[in-house]
Amino acid sequence: MTSISDRYDPSQVEERWYRVWEARGYFRAEAASPKKPYAIVMPPPNVTGSLHMGHALNNTLQDVLIRMKRMDGFNTLWMPGTDHAGIATQNVIERQLAAEGRRKDDLGREAFVARVWKWKEESGGLIITQLKRLGASCDWSRERFTMDPGLSEAVREVFVRLWEEELIYRGDYIVNWCPRCQTALSDLEVEREERDAEFVYIKYGPLTLGTVRPETKLGDTALAVHPKDRRYKQYVGKTLDVPSVEGTIRLQVVADAAVDPKFGTGVIKVTPGHDPIDFEIGRRHNLPVRTVIGFDGRMTELAGKYAGLDRFECRRRIVEDLNALGLIERIEPYRHAVGVCYRCRTVVEPLVSKQWYVRTKPLAEPAVKAVRDGRMRIIPRGWRSTYFAWMENIRDWCISRQLWWGHRIPVWYCDRDGSLHVSRVDLTECPQCGGPVHQDTDVLDTWFSSGLWPLSTLGWPKETPELKTFYPTSCLVTGFDILFFWVARMAMFGLKFAGDVPFRDVYIHALVRDAEGQKMSKSKGNVIDPLVIMDKYGTDAFRFTLAALAAQGRDIRLAEERIEGYRNFANKIWNASRLVLSNLDGYDPQRARSAAPPLADRWIKSRLNSTIGHVRKALDRYRFNEAASAIYQFLWHEFCDWYLEIAKRSLDGDDDPARRTRTQVTLIEVLETTLRLLHPFMPFITEEIWQRLPHAGDSIMVAQYPTASRANADPRAEREMAPIIGVVTAVRNIRSESRVPPSVELQVTVRPAGAEAAGAFAEAAPLINALARCVVTVRSAGPRPRDSAFAAVDSHEVFVHLAGVVDLAAERLRLAREIQKAEDEIAFVETRLARREFVKRAPAEVVERERARLDEHRRRRAKLRESLRWIAESPPTT
RNA sequence: AGGCUCGUAGCUCAGUGGGAGAGCGCCUCUCUGACGCAGAGGAGGUCGGCGGUUCGAAACCGCCCGAGCCUACCA
């Protein structure tokens with residue numbers, strides 16, 4: 001056993017155990033089981049994706065929950081899978097084609113889609129491998145892809161049912177169009193970017209107005225002012241002949257409340273074809289739509305001499321031309337937020353086209369209600385308001401995309417009678433006239449299918465046992481960035497089609513940033529690759545870091561030093577275990593039963609018990625950081641720092657074999673339990689060590705999660721242990737301050753406060769001797785020893801003999817400092833107690849505590865003073 | 001424009017009404033037989049500012065300053 005390396009080497013451990021766990025089927029959930037269900041559906045990463053910090057955090061937290069619940073006896077399901085990511089995936093293949101000098105139209109739709117599938121089969125699973133590397137204990141046998149047959153069936157079912165209930169409609173509306181991706185985008189898929197622009201004031205006959213988009217001037221069909229704007233009242237209803245770049249145009253002036261009279265000149269040009277507000281104004285006033293910019297971002301034939309120009313080039317030319325005509329009044333610099341495509345950052349062009357929409361209001365209402373009445377909890381609670389704000393102002397959702405990759409809209413049009421048919425099954429002829437049909441060319445927004453994820457992955461629309469057992473799922477773990485994209489939509493669909501929320505809890509975690517607080521992004525070059533980190537520090541250390549930093553409601557700044565710190569923690573555990581393992585010979589748990597356990601054993605077990613309670617409570621409340629630091633604190637600073645040091649003595653002693661056995665039993669019991677407690681956070685190292693320790697069962701993964709109980713709490717042991725730790729610390733402190741080298745054995749006298757304490761100290765003397773490298777004498781009465789330093793531990797007095805070891809001047813200074821500290825404390829408490837209001841109004845126990853505190857410090861001060869006086873009187877030693 | 005979050009030790013952050021905490025860093029000491037990825041000890045803070053509520057505020061309320069995020073149809 002002593003041949004175990006003194007450095008923990010994750011590379012020797014992680015992959016091996018993961019394979020074992022998977023092969024033994026530990027990850028698998030049971031469709032039907034007497035055990036209570038606990039289910040999490042994984043937010044499906046893009047099939048094109050590779051593991052980044054966000055995924056790492058997200059999945060670590062899920063794995064912690066799942067592993068904990070699995071050990072706790074639940075029938076756990078962690079449902080994994082990937083998302084077909086329409087635009088992103090199509091982009092990947094288009095780039096490949098471009099490299100070959102081809103475009104997707106060269107292949108045609110069918111061949112293109114076939115190629116995407118081929119790519120998906122060959123390289124789409126990268127992130128899955130990476131999740132395994134992270135230790136994710138998903139039920140891989142249930143892995144799903146949003147385009148799988150079953151999931152596609154769910155998509156069709158939902159589309160048809162929504163259509164039948166008139167919650168889906170089709171129509172010509174203005175949409176966000178990405179000229180690069182050549183598709184419509186939902187409002188959510190448009191992001192805002194601050195950009196500098198020019199605010200151009202153009203003369204429109206007698207009026208002047210400002211715009212940042214002069215090129216849309218060619219599509220103007222009216223001018224608008226606010227109905228109450230006195231300045232322009234006279235123009236409302238009139239038609240103006242306005243000189244412009246291509247001669248004079250006729251524009252009527254309408255009054256519309258959408259115009260802000262305080263902005264610019266209070267007049268706007270109305271371009272219904274290229275602006276969402278103008279589109280609305282146009283509908284209200286029956287204005288025609290003039291489309292002057294095409295789907296390719298170039299000016300159309302209607303743009304006259306500007307036809308064919310790129311929209312931005314056209315903007316420059318128009319300004320030039322207007323200027324030449326003297327129609328520009330002035331130009332101001334202007335900074336505004338412009339809408340860009342979330343995938344390619346191209347400036348979005350609002351365009352009118354025929355698209356499919358979901359009427360969201362009727363779906364959103366139940367989803368709001370579910371959160372309000374607590375059927376779905378959002379944690380931390382603060383995100384509720386964000387959720388409500390969006391849901392209550394929700395707008396209809398454009399679900400059609402002009403892509404080839406995705407779920408094709410299940411609508412067929414008859415080529416003969418022009419009829420439209422929405423169908424669950426593919427149609428080959430018109431159900432009405434038997435004529436030839438063609439399917440709608442658009443596909444659905446990817447979020448339409450991922451919005452069904454909790455349903456479809458469990459088999460819906462079939463009534464599967466999985467659905468029955470695991471729906472609603474227990475918890476969803478996700479980042480706030482997809483609260484609307486995904487969470488809100490799952491809630492709407494879940495309530496609509498399964499009659500209940502998709503998950504009871506939604507835990508929203510932080511964003512991982514770099515050490516400077518910047519969002520990690522490829523373009524900034526500040527990404528930290530989780531795989532590199534795992535190679536360098538080990539997966540356990542990495543996972544633990546993420547959990548330890550995952551405080552609610554705050555972003556995580558990830559600095560490598562932190563990971564290094566937790567790598568050291570892993571090493572600490574390794575070495576502590578090495579100590580235990582190398583002292584196992586002669587271990588016989590039966591023999592230890594009878595004897596009463598010594599104080600230190602009772603103490604550490606009690607501490608462990610309270611740690612378990614703390615960890616469980618923290619995990620129940622999704623306080624991952626609290627759980628992690630409770631384990632860290634216990635394992636390092638109680639078990640290693642104190643108990644192991646104490647245990648070493650008992651293990652070494654040949655004189656008392658029973659004591660050795662008892663210590664072995666406690667060591668193993670505490671270490672083994674702690675490993676189980678830690679396993680959800682650090683699955684690999686805990687398994688590796690656990691397997692080497694005496695244990696029951698095949699794997700720590702399926703061992704029981706520790707439980708705290710009042711029976712295991714031993715407050716008396718904790719009370720008795722405290723002064724012992726206090727004395728050891730006091731002696732070490734004096735040693736250090738008096739600059740006595742660690743090698744010198746000190747003489748120490750303890751004068752206990754009472755008879756009970758005297759016995760305890762006498763019993764603990766050997767222990768104190770070992771821990772503080774001293775020889776302690778317990779003496780209840782008698783004079784204080786000559787030439788000694790003094791410390792007060794609670795009400796016990798500690799004298800450290802320094803005669804001949806060090807001169808006493810330093811000790812005088814030290815005592816003076818201690819006295820000062822005590823006096824500050826006394827003054828503080830006295831002031832508080834002197835206030836009548838405090839004594840009158842504060843709870844009795846608080847007042848009592850303050851009084852006790854005051855007494856305590858006064859006693860302490862008295863003893864310190866006595867010591868100082870004594871030292872001052874003694875002759876200086878030289 | 002509206003909304004939200006944050007400002008605590010040199011750094012990163014816990015701590016939601018009763019004695020200011022952790023990790024890292026820093027200083028001193030230790031080649032003690034689990035671990036130097038370690039051990040022991042220590043220094044370091046008017047809890048952003050100002051007011052208010054309270055017997056009592058880092059915490060609750062208001063205002064201000066500073067940082068960040070989200071939502072939005074100011075063209």
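Heavy atoms only: backbone and side chains are in, while hydrogens, waters and symmetry mates are out. Chain identifiers are assigned alphabetically (A, B, ...) following the order of the sequence lines, protein sequences preceding nucleic acid strands; residue numbering begins at 1 within each chain.
The 5' end of RNA chain B is approached more closely, in terms of each residue's nearest nucleotide, by A:Ser385 than by the other of A:Phe199 and A:Ser385. If A:Tyr334 and A:Arg732 are placed on RNA chain B by their nearest nucleotide, the residue sitting closer to the 5' end is A:Arg732.
At least one donor-acceptor pair closer than 3.5 Å links the side chain of A:Arg860 to the backbone N or O of A:Ala792. Side-chain N or O atoms of A:Arg735 include one that pairs as donor or acceptor with a backbone N or O of A:Val744 at under 3.5 Å.
Stacking of A:Arg832 on the aromatic ring of A:Phe838 is recorded, both the 6.0 Å distance cut-off and the 45° axial limit being met. At least one test fails for A:Arg395 against the ring of A:Trp390: distance under 6.0 Å to the centre or angle within 45° of the axis.
Listed here is the closest heavy atom pair of A:Gly479 and A:Ile508: C-CG2, 4.1 Å. Between A:Cys774 and A:Glu745, the shortest heavy-atom contact is CA-CG, 4.0 Å.
Ring-plane geometry between A:Tyr643 and A:Phe639 is classed as parallel, the angle between the planes falling under 30 degrees on a 0 to 90 degree scale with a further cut at 60.
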Within the sub-3.5 Å range, which N or O atoms of nucleotides 55-61 of chain B have a protein N or O partner, and how far apart are they?
{"unit_1": "B:rC55", "atom_1": "OP1", "unit_2": "A:Arg841", "atom_2": "NE", "d": "3.0"}
{"unit_1": "B:rC55", "atom_1": "OP1", "unit_2": "A:Arg841", "atom_2": "NH1", "d": "2.2"}
{"unit_1": "B:rC55", "atom_1": "O4'", "unit_2": "A:Glu837", "atom_2": "O", "d": "3.4"}
{"unit_1": "B:rC55", "atom_1": "O2'", "unit_2": "A:Arg835", "atom_2": "NE", "d": "3.4"}

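A salt bridge between A:Lys217 and A:Glu215 is absent, with no side-chain N of the basic residue lying under 4.0 Å from a carboxylate O of the acidic one.
Regarding A:Lys572, its NZ atom lies at a distance of 10 Å from the P atom of B:rG36, rounded to whole Å. Whole-Å rounding puts the A:Asn568 CG to B:rC35 C1' distance at 10 Å. Residue A:Arg562 contributes atom CZ, which lies 8 Å from atom C1' of B:rA22 at whole-angstrom precision. Atom pair A:Leu188:CG and B:rC70:P shows a separation of 13 Å (rounding to whole Å applied).
At a threshold of 4.0 angstrom between heavy atoms, the contacts of A:Ser577 with the nucleic acid are absent. Across all strands shown, A:Phe828 has no heavy atoms under 4.0 Å from either base or sugar-phosphate atoms. Residue contacts shown for A:Arg395 are limited to sugar-phosphate atoms, with no base heavy atom under 4.0 Å away.
Remark: A:Lys648 is not in phosphate contact with B:rU32, judged by side-chain N or O atoms under 4.0 Å from OP1 or OP2. Of the side-chain N and O atoms in A:Arg623, one or more sit less than 4.0 angstrom from OP1 or OP2 of B:rG15. The shortest distance between the side-chain N/O atoms of A:Asn575 and the OP1/OP2 oxygens of B:rC37 is not below 4.0 Å. Between A:Asn625 and B:rC13 there is no side-chain N or O to OP1 or OP2 distance below 4.0 Å. OP1 or OP2 of B:rC37 sits under 4.0 Å from a side-chain N or O of A:Arg7.
RNA chain B is contacted by A:Tyr632, A:Trp636, A:His637, A:Cys640, A:Asp641, A:Leu644, A:Glu645 of residues 627-647 of chain A, taking any non-hydrogen atom closer than 4.0 Å.
For A:Thr729, the side chain to side chain contact (heavy atoms under 4.5 Å, CB included) partners at least two apart in sequence or on another chain are A:Trp642, A:Ile725.
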